[in-house]
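Have a look at the structure below, then the notes.
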Amino acid sequence: MVVIVGTGAGGAIIAMKLSKANIPVTIIERGPYIHSKDAYETYDMKYYDKRFESEQSLDMLKTTCVGGSTIVAAGNGVRVLEGEFKNQLGIDLSNEYDTIEKLIGIHQMDDEHIGEGTQKFLDAAKECGFDAIRMPKFIRDEDCNPCGKCSFGCPRDAKWSGKDFVDEAVKNGAELIENAEVQKILTGHKSVTGVEYIQDGQTKTIETDLVVLAAGAVDSAVILQKTGIDAGNKLFFDPFVSVGGVLKDINYNTEVQMNGLAVGKEYILAPHFSSFISKYIKESNPDVEDKDILSIMVKVSDDMVGSVDIDGNVKKFNTIDDIRRLAQGAAAAGSILEKAGVDATTMTSTVFRGAHPGGTAAIGEVVDKNLKTEINGLYVGDASVIPISPGKPPILLILALAERLANHLIEEVL
């Protein structure tokens with residue numbers, strides 16, 4: 001039997017593929033099972049959690065639920081680090097990327113799903129010299145009724161999430177154990193012998209000789225350390241800010257979010273509305289409504305200066321270069337917004353935040369090219385293994401790596 005810890009992008013596809021290959025699978029998830037369409041009502045209580053320590057008081061956003069961060073992702077499906085993995089690590093993911101794009105239906109959404117705010121972003125970005133495109137998405141056009149709630153799950157369940165693959169795995173015989181927190185991997189003679197977890201206040205164990213850790217960069221690093229593996233010494237989290245201002249009656253807050261993409265040399269830009277930018281703008285413009293705001297997310301790669309300790313404490317610092325990249329991106333976003341018609345006197349920016357944590361069990365440091373640790377039978381299949389900060393949504397990369405790992409397990413290990 002294979003035990004998979006975590007149900008985000010990596011754990012979900014591995015569970016589905018192994019179960020479809022008639023391999024017994026048990027999936028352990030720290031959070032609850034919640035339908036994506038119910039996410040908006042349970043957003044604050046059920047999905048996001050913060051475990052973060054920093055003198056700079058930066059926020060790192062992460063989720064705990066079946067499906068992980070894919071539940072609250074905006075549905076962005078871009079290839080990242082494909083050349084770096086091939087040239088620097090000798091890992092060619094082109095076939096895996098092709099497979100994943102077909103599997104979850106990556107495409108650019110049709111004209112009916114490109115709202116006025118998104119189109120203004122695209123047009124203004126092109127005028128400013130960017131090769132702006134519609135964002136590749138894993139959202140089903142026929143099910144999507146634009147509402148602006150892409151990062152709160154999806155009221156119409158119109159986008160793919162890892163939960164879909166977990167459902168498939170369970171349908172094919174996998175067992176799902178939810179609301180259960182894995183404490184450590186049990187070992188003997190440098191090999192896996194089982195998994196210890198806590199559920200309903202009770203400590204339980206499962207005997208197995210093969211475990212895939214896919215609990216996310218923070219929790220996987222903690223479990224690895226409790227198992228005796230040195231991990232968590234580096235951390236990226238794709239720092240971002242939102243820049244926005246007033247454009248009366250643009251109604252961007254009800255559009256499909258992040259439906260455009262402009263790539264700079266060291267940053268990416270995508271139109272995005274959030275309660276954070278709304279709050280900042282309204283502090284100086286109290287008469288402004290959400291429908292009057294057009295804003296852009298600026299996201300950059302970071303220098304991976306951070307750590308996760310054995311108790312799950314996260315420490316993260318932005319370097320001067322991180323701040324420089326954000327500043328350059330914010331300036332570009334301001335130029336695009338002004339070109340789109342936003343009142344420059346109303347423009348403001350949010351504080352730094354971070355998403356997509358990774359790098360805590362990097363390839364070449366904690367795992368090998370097959371994502372295997374120093375302990376026989378213990379693999380890692382999430383963003384922990386990514387050794388370079390992508391600065392872009394990493395979901396497709398995680399899926400591609402997990403697809404590759406699943407094939408390796410089926411063909412060479414099991």
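Any value given below was found using the heavy atoms of this structure, including those in side chains, with hydrogens, waters and symmetry copies removed. A quick note: this is a predicted structure, and the numbers were derived from the prediction, not measured.
Looking at every heavy atom in both residues, Phe352 comes nearest to Asn318 through CD1-OD1, 3.5 Å. In terms of heavy-atom proximity, Gly359 sits nearest to Phe236 at N-CE2, 3.4 Å. Of all heavy-atom pairs between Asp238 and Ser301, the closest is OD1-CA, 4.4 Å. Listed here is the closest heavy atom pair of Gly162 and Ala12: O-CB, 3.2 Å. Residues Gly312 and Val218 approach most closely at O-CG1, 4.4 Å, considering heavy atoms. The two residues Gly329 and Leu269 make their nearest non-hydrogen contact at O-CD2, 3.6 Å.
Under a cut-off of 6.0 angstrom, the local environment of CD in Glu112 is sparse, with at most 12 non-hydrogen atoms contributed by other residues, nucleotides or ligands. Annotation: Glu266, atom CD; neighbour count of heavy atoms from other residues, nucleotides and ligands within 6.0 Å is above 12. By the 6.0 Å contact criterion, CG on Asp131 is open, its count of non-hydrogen atoms from other residues, nucleotides or ligands being 12 or less. A 6.0 Å sphere centred on NZ of Lys171 holds no more than 12 heavy atoms belonging to other residues, nucleotides or ligands. Within a 6.0 Å sphere centred on NZ of Lys184, other residues, nucleotides and ligands contribute 12 heavy atoms or fewer.
Applying the salt bridge (charged side-chain N to carboxylate O under 4.0 Å, His left out) rule to Lys279 yields no partners; only residues at least two apart in sequence or on another chain are considered. In terms of the side chain to side chain contact (heavy atoms under 4.5 Å, CB included) criterion, residue partners of Thr319 (sequence neighbours excluded) are, by chain and number, Asp303, Val305, Asp321, Asp322.
Side chain of Ser220 to backbone of Ala215: a donor-acceptor contact under 3.5 angstrom is found. Remark: side-chain polar atoms of His272 are not paired, donor with acceptor, to backbone N or O of Ala270 under 3.5 angstrom. Side chain of Glu255 to backbone of Ile114: no donor-acceptor contact under 3.5 angstrom is found. With hydrogens and angles disregarded, no donor-acceptor distance shorter than 3.5 Å links the side chain of Asp311 to the backbone of Asn313. Between the Asp292 side chain and the Asp249 main chain, a donor and an acceptor come within less than 3.5 Å of each other. Under the 3.5 Å distance criterion, the side-chain polar atoms of Asp382 are matched with a main-chain donor or acceptor of Gly216. Side chain of His113 to main chain of Asp141: a donor-acceptor pair is present (N/O by atom type, distance under 3.5 Å, no hydrogens or angles). Side-chain N or O atoms of Ser284 include none that pairs as donor or acceptor with a backbone N or O of Ile281 at under 3.5 Å. At least one donor-acceptor pair closer than 3.5 Å links the side chain of Gln225 to the backbone N or O of Val308. In this structure a side-chain-to-backbone donor-acceptor pair under 3.5 Å is missing from Ser278 to Ser274.
Once rounded to the nearest 0.5 Å, the distance linking CZ of Phe237 with OG of Ser389 reads 9.5 Å. Here the straight-line distance linking atom CG of Leu405 with atom CG of Asn370 works out to 8.0 Å at 0.5 Å rounding. Atom CG of Leu261 is separated from atom CD of Gln108 by 9.5 Å, given to the nearest 0.5 angstrom. Atom OH of Tyr252 sits about 8.5 Å away from atom CZ of Phe121, to the nearest 0.5 Å. Here Lys86 contributes atom NZ and Leu81 contributes atom CG; the two are 15.0 Å apart, rounded to the nearest 0.5 Å. Summarising the geometry, atom CG belonging to Leu18 is positioned 9.5 Å from atom CD1 belonging to Ile27; distances are rounded to the nearest 0.5 Å.
Under the salt bridge (charged side-chain N to carboxylate O under 4.0 Å, His left out) rule, Asp302 has a single partner from Lys316, Arg324, Arg325, which is Lys316.
Within the 4.5 Å cutoff, no side-chain heavy atoms of Glu84 are placed close to those of Leu89. Two residues are said to be in side-chain contact when any heavy atoms from C-beta on lie closer than 4.5 Å; Asn259 and Pro271 fail this criterion. Taking the side chain as every heavy atom from C-beta outward, Lys17 and Asn407 approach each other to under 4.5 Å. Residues Met109 and Val256 form a side-chain contact, since some pair of their non-hydrogen atoms from C-beta on lies under 4.5 Å apart. At a threshold of 4.5 Å between non-hydrogen side-chain atoms, the residues Tyr280 and Val351 count as touching. In this structure, the side chains of Leu213 and Leu378 come closer than 4.5 Å at one or more pairs of heavy atoms. Counting heavy atoms from C-beta outward, Ile13 and Ile100 have side chains that approach closer than 4.5 Å. At least one side-chain heavy atom of Thr227 sits under 4.5 Å from a side-chain heavy atom of Ile375.
One side chain, Asp230 or Asn233, offers a donor N or O that lies under 3.5 Å from an acceptor on the other. With 3.5 Å as the limit, one finds a donor-acceptor pair spanning the side chains of Lys137 and Asn76.
A salt bridge does not link Lys282 with Glu289: none of the charged nitrogens is closer than 4.0 Å to a carboxylate oxygen. In summary, Asp164 and Lys159 do not engage in a salt bridge, as defined by a charged side-chain N under 4.0 Å from a carboxylate O. Salt bridge present: Lys163 and Asp167 bring a charged side-chain N and a carboxylate O closer than 4.0 Å. Under a 4.0 Å N-O distance rule, the pair Asp92/Arg404 does not qualify as a salt bridge.
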Point to revise | Derivation and outcome, side chain to side chain contact (heavy atoms under 4.5 Å, CB included), residues Thr208 and Thr26 | key: CA-CA 10 Å; Thr208 182; Thr26 296; over 6 Å; no
Point to revise | Derivation and outcome, side chain to side chain donor-acceptor pair (under 3.5 Å), residues Glu29 and Thr7 | key: CA-CA 6 Å; Glu29 167 57 48; Thr7 59; 2.6 Å; yes
Point to revise | Derivation and outcome, side chain to side chain contact (heavy atoms under 4.5 Å, CB included), residues Gln199 and Glu178 | key: CA-CA 8 Å; Gln199 184 185 46; Glu178 57 184 289; 5.6 Å; no
Review point. Going through the checks in order, is the side chain to side chain contact (heavy atoms under 4.5 Å, CB included) test met by Ile293 and Ile250?
Key: CA-CA 7 Å; Ile293 294 172; Ile250 188 63; 5.8 Å; no
Exercise for review: Evaluate the side chain to side chain contact (heavy atoms under 4.5 Å, CB included) criterion for residues Arg79 and Asp98: first the C-alpha distance (whole Å), next the side-chain angles of each, then the deciding distance (0.1 Å), finally the verdict.
Suggested key: CA-CA 10 Å; Arg79 294 193 181 197; Asp98 289 343; 2.5 Å; yes
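By the 6.0 Å and 45° rule, Lys299 stacks over the aromatic ring of Phe240.
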Residues 185-198 side chain polar contacts: donor-acceptor under 3.5 Å, at least two apart:
from: Lys190; atom 1: NZ; to: Glu374; atom 2: OE2; distance (Å): 3.2
from: Thr193; atom 1: OG1; to: Leu186; atom 2: O; distance (Å): 3.2

